[in-house]
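Lettering of chains follows the sequences in order, A, B, ..., and the numbering in each one begins at 1. The model shown is predicted, which means the values in this text are computed figures rather than measured ones.
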2 protein chains.
Amino acid sequence: MSATNTRVPPGEGVGPAVNPDDCPVREVLDRIGDKWSVLVIVLLGRRTHRYSELHRTIDGISQRMLTLTLRALVRDGLVERTAHASVPPRVEYSLTGLGRTLLEPLTALDRWAVEHREDVRAARERHDRERPGA
Amino acid sequence: MSATNTRVPPGEGVGPAVNPDDCPVREVLDRIGDKWSVLVIVLLGRRTHRYSELHRTIDGISQRMLTLTLRALVRDGLVERTAHASVPPRVEYSLTGLGRTLLEPLTALDRWAVEHREDVRAARERHDRERPGA
DNA sequence: CAGTATCCGAGCGGATACTG
DNA sequence: CAGTATCCGCTCGGATACTG
(Lines give C-alpha, C1' and ligand atoms only; values in the text may rest on other atoms or scores of the structure.)
Protein backbone atom coordinates (compact mmCIF):
# COMPACT_ATOMS: atom_id res chain seq x y z
CA MET A 1 0.00 0.00 0.00
CA SER A 2 1.32 3.34 -0.82
CA ALA A 3 0.60 6.79 -1.99
CA THR A 4 0.48 7.03 -5.74
CA ASN A 5 3.27 9.53 -5.78
CA THR A 6 5.56 7.20 -3.93
CA ARG A 7 4.56 3.73 -5.04
CA VAL A 8 7.14 1.47 -3.54
CA PRO A 9 7.42 -2.31 -3.19
CA PRO A 10 5.87 -3.11 0.22
CA GLY A 11 8.41 -2.92 2.96
CA GLU A 12 10.89 -1.02 0.86
CA GLY A 13 12.12 2.49 0.52
CA VAL A 14 12.52 5.45 2.74
CA GLY A 15 9.43 7.04 1.17
CA PRO A 16 9.78 10.71 0.31
CA ALA A 17 6.44 12.21 1.21
CA VAL A 18 2.93 10.94 1.48
CA ASN A 19 0.03 13.11 0.54
CA PRO A 20 -3.50 12.42 1.82
CA ASP A 21 -4.94 13.89 -1.37
CA ASP A 22 -3.05 11.47 -3.55
CA CYS A 23 -3.34 8.16 -1.78
CA PRO A 24 -5.74 5.54 -3.18
CA VAL A 25 -6.82 4.06 0.15
CA ARG A 26 -7.59 7.43 1.61
CA GLU A 27 -9.51 8.28 -1.51
CA VAL A 28 -11.89 5.38 -0.91
CA LEU A 29 -12.16 6.26 2.74
CA ASP A 30 -13.10 9.80 1.82
CA ARG A 31 -16.10 8.39 -0.01
CA ILE A 32 -17.24 5.51 2.18
CA GLY A 33 -15.52 6.28 5.47
CA ASP A 34 -18.39 8.43 6.63
CA LYS A 35 -21.03 7.36 9.09
CA TRP A 36 -23.54 5.73 6.74
CA SER A 37 -22.18 4.73 3.32
CA VAL A 38 -20.90 1.32 4.32
CA LEU A 39 -24.17 0.42 5.97
CA VAL A 40 -26.04 1.31 2.81
CA ILE A 41 -23.61 -0.62 0.62
CA VAL A 42 -23.85 -3.68 2.82
CA LEU A 43 -27.64 -3.69 2.72
CA LEU A 44 -27.75 -3.14 -1.02
CA GLY A 45 -25.23 -5.95 -1.31
CA ARG A 46 -27.86 -8.29 0.07
CA ARG A 47 -30.61 -7.12 -2.27
CA THR A 48 -32.31 -4.15 -3.84
CA HIS A 49 -33.99 -1.85 -1.35
CA ARG A 50 -36.55 0.90 -1.57
CA TYR A 51 -35.81 4.27 -0.01
CA SER A 52 -38.23 3.68 2.82
CA GLU A 53 -36.79 0.23 3.49
CA LEU A 54 -33.34 1.67 3.91
CA HIS A 55 -34.74 4.36 6.13
CA ARG A 56 -36.44 1.83 8.34
CA THR A 57 -33.60 -0.67 8.35
CA ILE A 58 -30.70 1.64 9.05
CA ASP A 59 -31.16 2.50 12.65
CA GLY A 60 -30.94 6.19 13.40
CA ILE A 61 -30.33 7.60 9.94
CA SER A 62 -32.15 10.80 9.09
CA GLN A 63 -33.91 11.36 5.78
CA ARG A 64 -31.44 14.06 5.04
CA MET A 65 -28.39 11.85 5.54
CA LEU A 66 -29.93 8.90 3.72
CA THR A 67 -30.62 11.12 0.74
CA LEU A 68 -27.17 12.70 0.76
CA THR A 69 -25.47 9.32 1.20
CA LEU A 70 -27.41 7.76 -1.65
CA ARG A 71 -26.78 10.72 -3.91
CA ALA A 72 -23.02 10.49 -3.34
CA LEU A 73 -22.99 6.74 -3.96
CA VAL A 74 -25.00 7.13 -7.15
CA ARG A 75 -22.70 9.90 -8.31
CA ASP A 76 -19.66 7.70 -7.74
CA GLY A 77 -21.25 4.92 -9.77
CA LEU A 78 -21.50 2.51 -6.87
CA VAL A 79 -25.27 2.57 -6.55
CA GLU A 80 -28.04 2.70 -9.11
CA ARG A 81 -31.33 4.52 -8.64
CA THR A 82 -34.45 3.27 -10.40
CA ALA A 83 -37.63 5.30 -10.19
CA HIS A 84 -40.82 3.51 -11.17
CA ALA A 85 -43.33 6.08 -12.35
CA SER A 86 -46.37 5.14 -10.34
CA VAL A 87 -48.59 6.42 -7.58
CA PRO A 88 -47.39 6.26 -4.93
CA PRO A 89 -43.85 6.62 -6.26
CA ARG A 90 -41.53 3.65 -5.96
CA VAL A 91 -37.79 4.19 -6.00
CA GLU A 92 -35.38 1.33 -5.78
CA TYR A 93 -31.69 1.35 -5.06
CA SER A 94 -29.22 -1.39 -5.90
CA LEU A 95 -25.50 -1.88 -6.26
CA THR A 96 -23.95 -1.44 -9.67
CA GLY A 97 -21.32 -3.84 -10.96
CA LEU A 98 -18.68 -1.46 -9.66
CA GLY A 99 -20.41 -1.31 -6.31
CA ARG A 100 -20.41 -5.07 -6.04
CA THR A 101 -16.67 -5.23 -6.59
CA LEU A 102 -16.26 -3.10 -3.49
CA LEU A 103 -18.02 -5.75 -1.42
CA GLU A 104 -14.96 -7.96 -1.42
CA PRO A 105 -12.40 -5.63 0.19
CA LEU A 106 -15.16 -4.48 2.53
CA THR A 107 -15.72 -8.06 3.57
CA ALA A 108 -12.02 -8.44 4.25
CA LEU A 109 -12.17 -5.43 6.53
CA ASP A 110 -15.28 -6.81 8.20
CA ARG A 111 -13.54 -10.11 8.87
CA TRP A 112 -10.63 -8.29 10.43
CA ALA A 113 -13.00 -6.30 12.60
CA VAL A 114 -14.83 -9.39 13.79
CA GLU A 115 -11.62 -11.29 14.44
CA HIS A 116 -9.84 -8.50 16.28
CA ARG A 117 -12.43 -6.31 17.90
CA GLU A 118 -11.80 -8.05 21.19
CA ASP A 119 -8.05 -7.47 20.92
CA VAL A 120 -8.64 -3.79 20.36
CA ARG A 121 -11.06 -3.58 23.25
CA ALA A 122 -8.54 -5.33 25.51
CA ALA A 123 -5.64 -3.12 24.41
CA ARG A 124 -7.71 -0.09 25.06
CA GLU A 125 -8.77 -1.25 28.48
CA ARG A 126 -5.22 -2.08 29.49
CA HIS A 127 -4.04 1.27 28.22
CA ASP A 128 -6.71 3.13 30.13
CA ARG A 129 -5.96 1.19 33.28
CA GLU A 130 -2.29 2.12 33.08
CA ARG A 131 -2.99 5.76 32.32
CA PRO A 132 -5.89 6.60 34.62
CA GLY A 133 -5.92 10.34 33.94
CA ALA A 134 -7.41 11.50 30.66
CA MET B 1 -20.77 -8.50 5.94
CA SER B 2 -23.32 -7.64 8.48
CA ALA B 3 -24.11 -5.90 11.69
CA THR B 4 -23.41 -8.05 14.69
CA ASN B 5 -26.98 -7.85 15.82
CA THR B 6 -28.20 -9.22 12.54
CA ARG B 7 -25.48 -11.55 11.37
CA VAL B 8 -26.91 -13.23 8.34
CA PRO B 9 -25.41 -15.48 5.66
CA PRO B 10 -24.35 -13.10 2.88
CA GLY B 11 -27.13 -12.42 0.46
CA GLU B 12 -29.77 -13.80 2.77
CA GLY B 13 -32.50 -12.46 4.98
CA VAL B 14 -34.63 -9.39 5.05
CA GLY B 15 -32.43 -7.98 7.83
CA PRO B 16 -34.31 -6.46 10.76
CA ALA B 17 -32.32 -3.36 11.62
CA VAL B 18 -28.76 -2.30 11.22
CA ASN B 19 -27.12 -0.19 13.84
CA PRO B 20 -24.01 1.89 13.11
CA ASP B 21 -22.89 1.47 16.71
CA ASP B 22 -22.93 -2.29 16.49
CA CYS B 23 -21.39 -3.06 13.12
CA PRO B 24 -17.83 -4.39 12.95
CA VAL B 25 -16.83 -2.65 9.71
CA ARG B 26 -18.06 0.68 10.91
CA GLU B 27 -16.22 0.14 14.14
CA VAL B 28 -12.91 -0.11 12.29
CA LEU B 29 -13.77 2.87 10.17
CA ASP B 30 -14.49 4.89 13.27
CA ARG B 31 -10.90 4.29 14.30
CA ILE B 32 -8.97 4.47 11.05
CA GLY B 33 -11.45 6.19 8.74
CA ASP B 34 -10.22 9.62 9.74
CA LYS B 35 -7.91 11.79 7.73
CA TRP B 36 -4.52 10.53 8.94
CA SER B 37 -4.58 7.10 10.63
CA VAL B 38 -4.23 5.04 7.48
CA LEU B 39 -1.32 7.11 6.28
CA VAL B 40 0.46 6.55 9.58
CA ILE B 41 -0.29 2.83 9.54
CA VAL B 42 0.97 2.47 6.01
CA LEU B 43 4.24 4.22 6.79
CA LEU B 44 4.79 2.24 9.96
CA GLY B 45 4.00 -0.86 7.93
CA ARG B 46 7.12 -0.14 5.91
CA ARG B 47 9.35 0.41 8.90
CA THR B 48 9.69 2.04 12.30
CA HIS B 49 9.57 5.82 12.20
CA ARG B 50 10.47 8.58 14.58
CA TYR B 51 7.96 11.25 15.40
CA SER B 52 9.77 13.85 13.36
CA GLU B 53 10.05 11.49 10.40
CA LEU B 54 6.32 10.97 10.34
CA HIS B 55 5.81 14.68 10.64
CA ARG B 56 8.08 15.34 7.69
CA THR B 57 6.84 12.47 5.57
CA ILE B 58 3.11 12.93 5.96
CA ASP B 59 2.42 15.95 3.89
CA GLY B 60 0.32 18.57 5.60
CA ILE B 61 -0.24 16.95 8.99
CA SER B 62 -0.04 19.25 11.99
CA GLN B 63 1.81 18.34 15.16
CA ARG B 64 -1.45 18.33 16.96
CA MET B 65 -3.08 15.82 14.62
CA LEU B 66 -0.02 13.62 14.41
CA THR B 67 0.09 13.41 18.19
CA LEU B 68 -3.63 12.74 18.52
CA THR B 69 -3.56 10.14 15.75
CA LEU B 70 -0.60 8.31 17.26
CA ARG B 71 -2.15 8.38 20.72
CA ALA B 72 -5.35 6.80 19.44
CA LEU B 73 -3.46 4.11 17.53
CA VAL B 74 -1.34 3.30 20.56
CA ARG B 75 -4.41 3.16 22.73
CA ASP B 76 -6.07 0.71 20.35
CA GLY B 77 -2.99 -1.50 20.40
CA LEU B 78 -2.17 -1.02 16.75
CA VAL B 79 0.97 1.03 17.27
CA GLU B 80 3.75 0.82 19.80
CA ARG B 81 5.62 3.79 21.21
CA THR B 82 9.21 3.41 22.32
CA ALA B 83 10.93 6.30 24.05
CA HIS B 84 14.70 6.11 24.23
CA ALA B 85 15.86 8.16 27.22
CA SER B 86 18.54 10.29 25.69
CA VAL B 87 19.32 13.88 24.85
CA PRO B 88 17.88 14.88 22.53
CA PRO B 89 14.91 12.56 23.11
CA ARG B 90 14.29 9.84 20.57
CA VAL B 91 10.81 8.36 20.22
CA GLU B 92 10.08 5.60 17.79
CA TYR B 93 6.75 4.32 16.58
CA SER B 94 6.13 0.93 15.02
CA LEU B 95 3.24 -1.36 14.27
CA THR B 96 2.35 -4.01 16.82
CA GLY B 97 1.49 -7.54 15.79
CA LEU B 98 -2.14 -6.54 15.82
CA GLY B 99 -1.38 -3.50 13.72
CA ARG B 100 0.38 -5.62 11.14
CA THR B 101 -2.65 -7.88 10.75
CA LEU B 102 -4.59 -4.81 9.69
CA LEU B 103 -2.23 -4.27 6.80
CA GLU B 104 -3.77 -7.10 4.81
CA PRO B 105 -7.39 -5.87 4.60
CA LEU B 106 -6.03 -2.39 4.09
CA THR B 107 -4.02 -3.64 1.14
CA ALA B 108 -7.15 -5.20 -0.31
CA LEU B 109 -8.87 -1.85 -0.09
CA ASP B 110 -5.87 -0.18 -1.62
CA ARG B 111 -5.91 -2.58 -4.54
CA TRP B 112 -9.57 -1.86 -5.12
CA ALA B 113 -8.89 1.84 -5.04
CA VAL B 114 -6.08 1.60 -7.55
CA GLU B 115 -8.03 -0.68 -9.85
CA HIS B 116 -11.24 1.32 -9.79
CA ARG B 117 -10.37 4.92 -9.14
CA GLU B 118 -10.70 5.66 -12.83
CA ASP B 119 -14.16 4.03 -12.97
CA VAL B 120 -15.29 6.21 -10.11
CA ARG B 121 -13.87 9.31 -11.69
CA ALA B 122 -15.61 8.47 -14.98
CA ALA B 123 -18.95 7.72 -13.30
CA ARG B 124 -18.76 10.98 -11.48
CA GLU B 125 -17.94 12.94 -14.59
CA ARG B 126 -20.78 11.36 -16.55
CA HIS B 127 -23.16 12.04 -13.69
CA ASP B 128 -22.13 15.67 -13.45
CA ARG B 129 -22.43 16.12 -17.19
CA GLU B 130 -26.01 14.80 -17.15
CA ARG B 131 -26.98 16.87 -14.12
CA PRO B 132 -25.35 20.25 -14.78
CA GLY B 133 -27.00 22.04 -11.86
CA ALA B 134 -25.42 21.60 -8.45
C1' DC C 1 13.28 16.49 19.46
C1' DA C 2 8.85 15.52 20.78
C1' DG C 3 5.54 17.05 22.20
C1' DT C 4 1.41 20.37 24.89
C1' DA C 5 -1.94 24.30 25.09
C1' DT C 6 -5.25 27.38 23.17
C1' DC C 7 -8.04 29.36 19.88
C1' DC C 8 -11.07 29.07 16.08
C1' DG C 9 -13.41 28.27 11.51
C1' DA C 10 -15.59 24.77 8.44
C1' DG C 11 -18.54 21.15 7.65
C1' DC C 12 -20.76 16.83 9.11
C1' DG C 13 -24.82 15.35 10.53
C1' DG C 14 -29.31 15.67 13.63
C1' DA C 15 -34.12 17.73 14.21
C1' DT C 16 -37.90 19.60 12.29
C1' DA C 17 -41.08 21.22 8.89
C1' DC C 18 -42.69 21.21 4.31
C1' DT C 19 -43.72 19.20 -0.87
C1' DG C 20 -44.58 16.71 -5.75
C1' DC D 1 -43.69 7.49 -0.75
C1' DA D 2 -39.68 9.85 -1.54
C1' DG D 3 -37.81 13.27 -1.03
C1' DT D 4 -36.41 19.16 0.01
C1' DA D 5 -35.42 23.07 2.82
C1' DT D 6 -33.71 25.29 6.89
C1' DC D 7 -31.60 25.80 11.13
C1' DC D 8 -28.00 24.70 14.24
C1' DG D 9 -24.83 22.27 17.59
C1' DC D 10 -20.77 19.82 17.83
C1' DT D 11 -16.69 17.75 16.53
C1' DC D 12 -12.68 17.55 13.42
C1' DG D 13 -8.81 19.43 12.36
C1' DG D 14 -5.70 23.69 11.09
C1' DA D 15 -2.70 27.63 12.92
C1' DT D 16 0.02 29.36 16.23
C1' DA D 17 2.65 29.70 20.39
C1' DC D 18 4.93 27.57 24.11
C1' DT D 19 7.74 23.58 26.97
C1' DG D 20 10.46 19.35 29.19
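- The partner of D:dG9 is C:dC12, by the rule that a Watson-Crick or G-U pair needs both atom distances under 3.5 Å.
- Of the candidates C:dG14, C:dA2, D:dC1, C:dG14 carries the atom nearest the A:Met65 side chain, counting heavy atoms from C-beta on.
- Side-chain atoms of B:Leu44 and B:Leu78, non-hydrogen and from C-beta on, never get closer than 4.5 Å to each other.
- Using a 4.0 Å heavy-atom distance criterion, A:Arg56 is classed as making no nucleic acid contact.
- Note on B:Thr67: a base of the nucleic acid sits closer than 4.0 angstrom, heavy atoms only.
- Across all strands shown, the partner of D:dG14 is C:dC7, judged by Watson-Crick or G-U wobble contacts whose two distances both fall under 3.5 Å.
- When the nearest nucleotides of DNA chain C are assigned to A:Pro89 and A:Trp36 by heavy-atom distance, the more 5′-ward of the two goes with A:Trp36.
- For the pair A:Arg81 and D:dG3, the criterion of a side-chain N or O lying under 4.0 Å from OP1 or OP2 is met.
- No side-chain N or O of B:Asp110 forms a donor-acceptor pair with one of B:Thr107 less than 3.5 Å apart.
- Relative to the side chain of A:Tyr93, the nucleotides D:dA17, D:dT4, D:dG3 differ in distance, and D:dG3 lies closest.
- Within the nucleic acid shown, B:Arg64 comes within 4.0 Å of at least one base atom, counting heavy atoms only.
- With C:dG13, D:dG3, D:dT4 as the choices, the nucleotide that has an atom nearest any side-chain atom of A:Val91 turns out to be D:dG3.
- One interatomic measurement links the two molecules: CG of A:Asp21 to P of D:dG14, which rounds to 11 Å at whole-angstrom precision.
- Proximity of B:Arg50 to the phosphate of C:dG3: no side-chain N or O atom is located under 4.0 Å from OP1 or OP2.
- Here the side chains of A:Trp36 and A:Leu66 are not in contact, with every heavy-atom distance at 4.5 Å or above.
- Counted within 6.0 Å of CD on B:Glu115, heavy atoms from surrounding residues, nucleotides or ligands total more than 12; the atom is thus considered enclosed.
- Of the side-chain N and O atoms in B:Ser52, one or more sit less than 4.0 angstrom from OP1 or OP2 of C:dA2.
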